[in-house]
Amino acid sequence: MRVNVTVNGSQEAVDDVWEGESLLYVLRERMGLPGSKNACEQGECGSCTVYLDGTPVCSCLVAAGQVEGREVRTVEGLATAGRRDAAGDTAGRAAAGHDELDPVQQAFLEAGAVQCGFCTPGLIVQSHDLIERNPEPSDAEIREALAGNLCRCTGYEKILDAVRLAAKRKASAE
Amino acid sequence: MEFLRPVTWADALAAKAGQPDALPIQGGTDVMVEINFDVHRPPALLDLNPVRELAEVETLPDGTLRVGAGVPYVRLINELGDRLPGLAQASRTVGSPQIRNRGTVGGNLGAASPAGDSHPPLLASDAVIEAESSARGTRLIPAVDFYKGVKRNALEPDELIRAIRIAPASGPQYFSKIGTRNAMVIAVCSFAIALHPDERRVGTGVGSAAPTPRRATAAEEFLSAELDWDARGPLSVSVAQRFGELVKEAAAPIDDVRGTADYRKHALSVMARRTLTWAWNDHRATREEAS
Ligand SMILES: Cc1cc2nc3c(=O)[nH]c(=O)nc-3n(C[C@H](O)[C@H](O)[C@H](O)COP(=O)(O)OP(=O)(O)OC[C@H]3O[C@@H](n4cnc5c(N)ncnc54)[C@H](O)[C@@H]3O)c2cc1C
Ligand code: FES
Ligand code: FES
């Protein structure tokens, strides 16, 4: 079937989609957006987290057909230069300097919250949403917000540092 | 596989009647796991996301809330926590934020897992499931009659769940769940209590401790008769203990990877005592505020 969906601001028509496949599969395998990671395909790890109409969801648990006519924003859509232009070109990413990363991405880099990086895209989308909704999250609120994102490398401390840093920067920028 | 996308409730019912083996999908948090792992390959998926009615919450003329089957847990927590505290507490323990953003009570009822977290509070507050088919119209099924076996419910093949009908809390409600973490946990066992002071009655729900979620009827009757509804005196230790024992006797758990039957029974008696104590203390505190 064909699925019409807006991804990172650009309208796409994706063909030959199998009715039972997930949004995650469509993004990675049919649209060339490998930022969202596939680790468990059962909602347990959060590494496939994307925004669906502004709400973070596990893209592995959304059926492709369910996004018809809706808006998806992936980790690729957070950094300014990572946005796809009208021609669907993602090459701009390579030229992106640090300045163009989203503040949450920047904070993850600076805080050393990235080791193998597999969990990072999901954590960044989920943290991005947390800070949007709650600009001054307490530690308990950060932990609860990130409870569905697993990381096997960092031990989470640096991830918490990164979220605190991003929240602090956002607060002082406003 | 086919993918059906009805846009109205009437079309959804017509689609289900025309193709009873089409599998409804709402949040997909149960359905997609099974498809991703090839446990189940239905001939068709029936997407309920576009059906606006399912995302609505209304108050019926008698004050009962009619909560659309497609209202996700995050909205139950944020919008209905004051009126449905037991269900909101249970919702808050479901999976993770991402799962609560998508998962619904309608889906929990459709899946009918004995461990589903919405079931104990639905039982404790006498919720009614509103099912509908295009051939026979609306059918109101009390929660207590809805669960038919492990992952089996009372729906007919041509029926869909339209809403859950549930009265706003008339007294304190609590939900408690045993698991290894505060998130991402399938209940080892769970318990819900609801005090209905205007009827001098207590409701209960026991989860993950029998083939279906169930009420602890003998425990409810015992407690309803024993509680000091008028003077709201302190809870007697022996009453709380006996209540815990009766809840434990209502359970018929098994040993499995998450816990043994013995542990489940013990934990249920502890949760029953604890939630009763919290609820009764709240009830007493409202009297003190009023006086
Ligand atoms: C990582 C993870 C963690 C989880 N943690 C918990 C937990 O802590 N507690 C818990 O209880 N559950 C948990 N679940 C299970 C699941 O999230 C819940 O059962 C949820 O309520 C399902 O809702 P849904 O809308 O996603 O259902 P779906 O997956 O869309 O559907 C589930 C079932 O209900 C049927 N259905 C859906 N809507 C209707 C309708 N309107 N009429 C008729 N049938 C319908 C579907 O056909 C299907 O059989 C978890 C799942 C995952 C993946
Ligand atoms: S891949 Fe989706 S949650 Fe793990
Ligand atoms: S950095 Fe490796 S899983 Fe998180």
Side-chain angles (χ1 to χ4, degrees), chain A residues 1-4 17-26 36 38-70 122-123 125-130 133-134 137 140-150, chain B residues 1-7 19 22-51 54-55 70 72-75 77-78 92-104 107 111 179-186:
Chain A
M1 64 177 171
R2 165 175 281 201
V3 175
N4 298 288
V17 173
W18 176 58
E19 288 72 9
E21 78 193 34
S22 67
L23 170 60
L24 177 63
Y25 190 91
V26 171
S36 314
N38 177 358
C40 74
E41 289 197 292
Q42 51 180 319
E44 297 276 348
C45 76
S47 62
C48 65
T49 304
V50 302
Y51 281 110
L52 174 58
D53 288 342
T55 302
V57 303
C58 295
S59 59
C60 69
L61 299 183
V62 177
Q66 291 188 292
V67 303
E68 175 69 32
R70 298 171 78 171
L123 272 159
V125 174
Q126 186 64 17
S127 305
H128 187 269
D129 173 69
L130 168 68
R133 285 182 297 105
N134 180 359
E141 287 167 336
I142 300 175
R143 283 172 187 276
E144 188 171 0
L146 303 185
N149 292 77
L150 299 184
Chain B
M1 196 186 284
E2 269 186 272
F3 197 88
L4 310 172
R5 280 188 91 251
V7 178
Q19 208 165 329
L23 185 68
I25 178 167
Q26 181 71 52
T29 60
D30 281 312
V31 167
M32 287 306 288
V33 174
E34 298 211 330
I35 294 180
N36 288 345
F37 285 81
D38 229 345
V39 178
H40 189 55
R41 191 167 284 199
L45 284 175
L46 175 60
D47 182 18
L48 296 175
N49 280 195
V51 180
L54 295 177
Y73 292 113
V74 66
R75 285 184 55 206
I77 298 166
N78 292 338
R92 197 157 169 227
T93 76
V94 172
S96 64
Q98 290 94 321
I99 300 297
R100 297 193 287 272
N101 284 342
R102 289 289 288 165
T104 63
T180 45
R181 262 185 86 187
N182 253 341
M184 230 35 132
V185 155
I186 304 176

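Hydrogens, waters and symmetry mates play no part in the numbers below; they use all other heavy atoms, side chains included. The structure displayed is predicted, hence computed values, not measured ones. Order of the sequence lines fixes the chain letters, A, B, ..., with proteins taken first and strands second; residue numbering starts at 1 for each chain.
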Within this structure, what is the [atom1]-[atom2] distance for the pair [X] and [Y], rounded to the nearest 0.5 Å?
X	Y	atom1	atom2	answer
B:Met184	A:Asn149	CE	CG	8.0 Å
B:Ile99	A:Gln42	CD1	CD	10.0 Å
A:Gln126	B:Ser96	CD	OG	7.5 Å
B:Ile35	A:Glu21	CD1	CD	11.0 Å
A:Glu68	B:Arg5	CD	CZ	5.0 Å
B:Met32	A:Ser59	CE	OG	10.0 Å

Query raised in the report: Any side-chain donor-acceptor pair under 3.5 Å between A:Arg143 and B:Asn182?
Result: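 No, no side-chain donor-acceptor pair sits under 3.5 Å.
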
**Report entry** Portion of B:Ile25 that has a non-hydrogen atom of chain A nearer than 4.5 angstrom
**Finding:** both

Query raised in the report: Measuring heavy-atom distances to chain A, does B:Glu34 have an atom under 4.5 Å in its side chain, in its backbone, in both, or in neither?
Result: neither

Query - Top contributor to chain B interface from A:Gly65, A:Gly46, A:Gly43, A:Cys58 [non-hydrogen pairs under 4.5 Å] - result: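 Of A:Gly65, A:Gly46, A:Gly43, A:Cys58, A:Gly65 has the most heavy-atom pairs under 4.5 Å with chain B.
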
Which atoms of [X] approach chain B - backbone, side chain, both or neither, heavy atom under 4.5 Å:
X	answer
A:Leu130	neither
A:Ser22	both
A:Leu150	side chain

For [X] against [Y], the heavy-atom pair lying closest together:
X	Y	value
B:Val33	A:Leu61	CG2-CD2, 3.6 Å
A:Thr49	B:Gln98	OG1-NE2, 3.0 Å
A:Gly148	B:Pro97	N-CD, 4.3 Å
B:Phe37	A:Glu41	CE1-O, 3.4 Å

Quick one: does [X]'s side chain have a donor or acceptor within less than 3.5 Å of a partner on [Y]'s backbone?
X	Y	value
B:Asn101	A:Pro56	yes
B:Arg41	A:Gly20	no
A:Gln66	B:Gln26	yes
B:Asn36	A:Cys60	yes

Report task. State whether A:Glu144 and B:Arg92 are salt-bridged, where the test is any N-O pair (Lys NZ or Arg NE/NH1/NH2 against Asp/Glu carboxylate O) under 4.0 Å. Result -> yes

Query raised in the report: Are side-chain heavy atoms of B:Arg102 and A:Val62 found at a separation under 4.5 Å?
Result: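 B:Arg102 reaches A:Val62 side chain to side chain.
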
Requested in this report: Taking atom CD1 of B:Ile186 as the centre, report whether more than 12 heavy atoms of other residues, nucleotides or ligands fall under 6.0 Å from it.
Outcome: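 No, CD1 of B:Ile186 has 12 or fewer neighbouring heavy atoms, counting only those of other groups under 6.0 Å.
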
